[in-house]
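Notes for the one structure printed next.
Below, read A as the first sequence line, B as the second, and so on, with proteins coming before strands; counting in each chain starts at 1. As the structure is a computational prediction, the values presented were derived from the model and not from experiment.
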2 protein chains.
Amino acid sequence: MASVSLRDVAARANVSFQTVSKVLNGKGAVTPATRQRIIEAAEEIGYIPNALARSLQSRSSLTLGVITVDFSNSTPALSLVGIEREARQHGLSVILSSLEPDGSDCVRYLRVLMERRVDGIIMNAPATEEDEEVGRLLRTGPPAVSLHDIAGGGVPTVTVESEGSAALPVRHLLALGHRRIATVTGLQQRHSAQQRTAVYREVLTELGLYDPLLVEDGAWEVEGGYAATHRLLDRAPDITAIYVQNDLMAVGVLNALHERGRSVPDDCSVVGCDDHPVAARTIPPLTTVRMPFFDAGAAAVRLLLDRIASRSASAEDVLPVSMVYRASTASPPAG
Amino acid sequence: MASVSLRDVAARANVSFQTVSKVLNGKGAVTPATRQRIIEAAEEIGYIPNALARSLQSRSSLTLGVITVDFSNSTPALSLVGIEREARQHGLSVILSSLEPDGSDCVRYLRVLMERRVDGIIMNAPATEEDEEVGRLLRTGPPAVSLHDIAGGGVPTVTVESEGSAALPVRHLLALGHRRIATVTGLQQRHSAQQRTAVYREVLTELGLYDPLLVEDGAWEVEGGYAATHRLLDRAPDITAIYVQNDLMAVGVLNALHERGRSVPDDCSVVGCDDHPVAARTIPPLTTVRMPFFDAGAAAVRLLLDRIASRSASAEDVLPVSMVYRASTASPPAG
DNA sequence: CTGTTAGCGCTTTCAA
DNA sequence: TTGAAAGCGCTAACAG
């Protein structure tokens, strides 16, 4: 772990360090002989360029900063994988910062990224959607793209269509003949969950089928889905279908229904959301909405690169979702 | 996004830029008056220090490089979360690089990390366990800690006990009275899967119960577990228990058993591994081995920091695992 | 207390 | 074709 610099290579090859720079960057014209000598010298003493110094000079760090919600869950993890892969393919490194659940440390990490002179920032931290200070920094700092709303707008977003992610499953259940359709929601502080719940309400209200008693919070987690279902069943035993706002909660929902002796889909249908890998093999396999989170991450990076290249205008890219039909939905029981 | 430097602040405060440096870093003694003036000036023109320049000078980037296998799956994601959180708590940024499935790009990314002068490297890329070149770089480059074996050794590791992760579940099944115990394995190229399979074989061989026909590969994935179970059942309908090397595959295993009309645990017991969140609510809830992957990531960072501080000797930290008993295991059917 | 002198390792004109 | 000069933004000695 020596500190071999251009100068060391230069000394060994009997040239100036500027010439070494040219050779190692393939710039300028150099005699094949010296070029060869330089390359060998670099090789021999194990020269490794210093990206810090290079960035200082070139005013470009070839780095993207990513600020993300905790990615223990597969949804944000998928977006992160998409971001990382796309960045890598463009030769960019990724500096990763994940936040506390309340997003209170976001401003601090934005600052760290700015100090490190990242070329751009990708946000995936729904907990900060209402944070004005975050919005301000994102508008005035380096180019940024977000996977969710930013307070005050002005930041391009790439999102997964949330209207469809609620409308599709609810309509599917309606088409099957269900009338008592409950929903297990994600954290209602999040815009995406609010929107899904709103669409659920609108669609059912239009048909005179909306009942606030059929809405329960599952907080995005397996146990939340489990507990919410027991509460729903206690309160409204006549429900024949449940729209669950993510697949993880749906696992808990299926378990609770099983415990209560309700067969799925014969006694009660269940639709999830995400198309998590386990959804294909729950018992029964889960009808769900496929959400292109991976693609959203990759698309965000591409959009960010466009912005970096040409300070182009704001954009709002919305990726479409689609239904995946499996065995957890059917017509309601006769009677 | 201007490029405000120390000089700009200095000009505005009518001092030399070196004095500004002192003030902003809380070093040296400065008159409260000028200090105040400098701080205000910095504030007014929105000065943001340049970490690149600082690192160039201080020869420390306050950055950790992480090289990880694709973390779409929750196991590596958990370790990554642990790494990131621990690093953050120590004021270090994390540069994230994920690899192709075969790990062929590892050497390239190691080099990128070295060019960026990271202060240390955390490896979580089992695909490179046999790669001699990776081992060499890790031994000669910046301090490194790995979550798996490194070819040639010499790199401290923090691992999750793999012997116990196989011995515990198999012994549990034996204690329940099972004699025909199958296993669905992870990718056999990985040391961790090889070790689990070896322990499974040893424990059963000792009792004269080992049968190579009862071993099937599930490749770590839901569908792999599903398909492996069907193959097992076709070949050896008399099995009464399955040790599945991760919970994701176990979801597929439960589904396949359900399809074949085998009730769990009455007709067949199932033990998983990982204690993935869904394991608590599969049908039936899964008996499994809790693997402290999050802790392993965090511990690796702490070990790395020790090494950075004091080039201390190699170490091999092994974190213990523990059984989580749920409803998927019972005594074999009578008869 | 404050400013000057010296680099950290690199890229980029511009002369020779 | 090569090298010298200049500077990216910063920190660290040391002198004033």
Side-chain angles (χ1 to χ4, degrees), chain A residues 1-39 41-42 45-63 111-119 142, chain B residues 1-39 41-42 45-63 111-119 142:
Chain A
M1 208 51 280
S3 194
V4 230
S5 76
L6 277 187
R7 294 192 134 83
D8 301 313
V9 179
R12 198 167 221 280
N14 275 312
V15 289
S16 74
F17 73 93
Q18 292 90 338
T19 304
V20 177
S21 171
K22 281 176 205 159
V23 168
L24 265 27
N25 291 307
K27 306 232 181 179
V30 186
T31 312
T34 39
R35 138 174 262 97
Q36 184 60 25
R37 203 150 29 95
I38 288 172
I39 291 181
I45 63 180
Y47 171 70
I48 294 182
N50 185 325
L52 261 26
R54 188 200 300 253
S55 298
L56 181 58
Q57 170 71 12
S58 67
R59 335 189 106 271
S60 154
S61 60
L62 296 181
T63 304
R111 187 172 164 100
V112 170
L113 294 181
M114 291 169 74
E115 292 186 356
R116 290 181 175 258
R117 297 298 193 264
V118 296
D119 293 334
Chain B
M1 206 56 268
S3 194
V4 223
S5 76
L6 277 187
R7 294 192 134 82
D8 302 313
V9 179
R12 197 169 223 279
N14 275 312
V15 290
S16 74
F17 74 93
Q18 292 89 339
T19 305
V20 178
S21 170
K22 280 177 205 159
V23 168
L24 265 27
N25 291 308
K27 308 233 179 175
V30 186
T31 313
T34 38
R35 138 174 262 96
Q36 185 61 25
R37 201 150 29 96
I38 288 171
I39 292 181
I45 62 179
Y47 171 70
I48 295 181
N50 185 326
L52 260 25
R54 189 199 303 252
S55 298
L56 181 59
Q57 170 70 16
S58 66
R59 337 189 105 272
S60 153
S61 60
L62 296 181
T63 303
R111 186 169 163 102
V112 170
L113 294 180
M114 292 169 74
E115 293 187 355
R116 290 183 173 257
R117 297 299 192 263
V118 295
D119 293 334

Could you walk me through whether B:Thr19 and B:Thr34 satisfy the side chain to side chain contact (heavy atoms under 4.5 Å, CB included) test, starting with their C-alpha distance in whole Å, then the side-chain angles of each, then the deciding distance to 0.1 Å, before giving a yes or no? CA-CA 9 Å; B:Thr19 305; B:Thr34 38; 5.7 Å; no

Opening and closing nucleotides of DNA chain C in contact with chain B, under 4.0 Å to non-hydrogen atoms: C:dC1 to C:dG9

Can you pull out every salt bridge (Lys or Arg N to Asp or Glu O under 4.0 Å) where at least one residue sits in residues 8-23 of chain B? Sequence neighbours excluded, please. B:Arg12-B:Glu44

Checking the side chain of B:Arg37 only, and the main-chain atoms of B:Ala13 only, is there a donor and an acceptor separated by less than 3.5 Å? yes

Say whether, by atom type as modelled, one donor and one acceptor occur between the side chain of A:Arg59 and the main chain of A:Leu56 under 3.5 angstrom. no

Counting N and O atoms only, with roles assigned by atom type, does the side chain of A:Ser5 sit under 3.5 Å from a partner on the main chain of A:Arg7, one being a donor and the other an acceptor? yes

N/O donor-acceptor pair under 3.5 Å between A:Arg116 side chain and B:Ala51 backbone: no

Any A:Thr19 side-chain nitrogen or oxygen under 4.0 Å from OP1 or OP2 of D:dG3: yes

Counting N and O atoms only, with roles assigned by atom type, does the side chain of A:Asn25 sit under 3.5 Å from a partner on the main chain of A:Lys27, one being a donor and the other an acceptor? no

Is A:Ser55 touching bases, backbone alone, or none of the nucleic acid, heavy atoms closer than 4.0 Å? nothing

Hey, does B:Val15 have a side-chain heavy atom less than 4.5 Å from the side chain of B:Val30? no

Once each nucleotide of nucleotides 8-16 of chain D is scored for protein heavy atoms under 4.0 Å, what B/S/- sequence comes out, 5' to 3'? BBBBB----

